[in-house]
Amino acid sequence: MTTAFFSHDDCLKHNMGPEHPESPERIASILAHIADTELQQNLDWVRPEEITRDQLLMVHPESYLQQLDLMAPTRGRVFTDPDTSLMPDTLRAARLAAGGNVQAVDMVMSSQVTNAFVCARPPGHHAERTKSMGFCFYNNIALAALRALNFHQLERVAIIDFDVHQGNGTVDIVSGDERIMMCSSFQHPLYPHSHVHRQPDNIINAPIEANCSSAEYRKRVESAWLKKLQDFRPQLVLVSAGFDGHRLDPMAETNLETEDYRWLTEMIVNVAHDHANDRVISTLEGGYHLRALGESVVAHLEVLDAVY
Ligand SMILES: [Zn+2]
């Protein structure tokens, strides 16, 4: 049994400009770092297909999908918020990223692979049900969760979001759905400045102060999440894997090390081992320092690859 690794060249065609941190070079850096390791041979490389319209409708209403389709330009770019723009190749890349997440659920649920990492862009966790923002258009991890619940008829799915920014889009979509437990850690205060207080019981927040050390981070996350996850007994663990909490990352002020991502992944696979038959699907969110991103994803994948 192996780790499926989803990637597609067309996800690199979405390019919001030379100064934009959410760049195609992020994927290139991850692939270059993997090439130097045994992961290159060990991973099961999969090219995703585009998500279907019906599958997108699990999360996003038709009116929102139409709005994006109408905005997508045939040349140049159109901004949906000051940081996020649509180009001719954007929605295909977004459909491939979302499609990879749905296919990863299907492959893991049918025991073709033990776990999966979707190395695609644009990311998804800031995309709300009816609003694109923060470099995101379709909410990839929520689509994966709904695929597991609706199609595979699971009863309990956990979403772990360790991106340094709070996954407001995922919160918007899963709040109050008791089939889903969302555990997240994020620097606070920081973009997107929402959804931190007065959350429903299925949203477990671990806000982190700027300049937080590795040791403080680990303690905070373990005490906020672990017992809740064990009590919830997820049948599948989904991960919004953002690596922008790294100390080298320009987007935030937390001080995580590459080894903290290994530690986080070990905690996640342990929960999945206890309750979910080792089933984990992780999807790329943020991470903008190219070397730190490549090294951190390799650490994350090495833990996933060691599960069998
Ligand atoms: Zn982020």
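Each ligand, and each atom within it, is numbered from 1 in the order the structure gives. Quick note: residue numbers are just sequence positions, from 1.
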Please name the atom of [X], restricted to N, O or S, that is closest to the Zn ion (ligand 1).
X      : result
His165 : ND1
Asp163 : OD1
Asp244 : OD2

Would one find an N, O or S atom of Glu285, in either backbone or side chain, under 2.8 Å from the Zn ion (ligand 1)?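 No N, O or S atom of Glu285 is closer than 2.8 Å to the Zn ion (ligand 1), so no.
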
Those residues that, when tested against Glu62, pass salt bridge (Lys or Arg N to Asp or Glu O under 4.0 Å) (two or more places apart):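 Partners of Glu62 under the salt bridge (Lys or Arg N to Asp or Glu O under 4.0 Å) test: Arg53.
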
Surrounding CG of Asp69 (heavy atoms of other residues, nucleotides or ligands, distance under 6.0 Å), is the total greater than 12?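 Counting other residues, nucleotides and ligands, CG of Asp69 exceeds 12 neighbours.
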
Using 4.0 Å as the upper bound for N to carboxylate O, is an ion pair formed by Asp10 and Lys13? yes

With sequence neighbours excluded, residues passing side chain to side chain contact (heavy atoms under 4.5 Å, CB included) with Ile204: Met181, Cys183, Trp225, Lys228

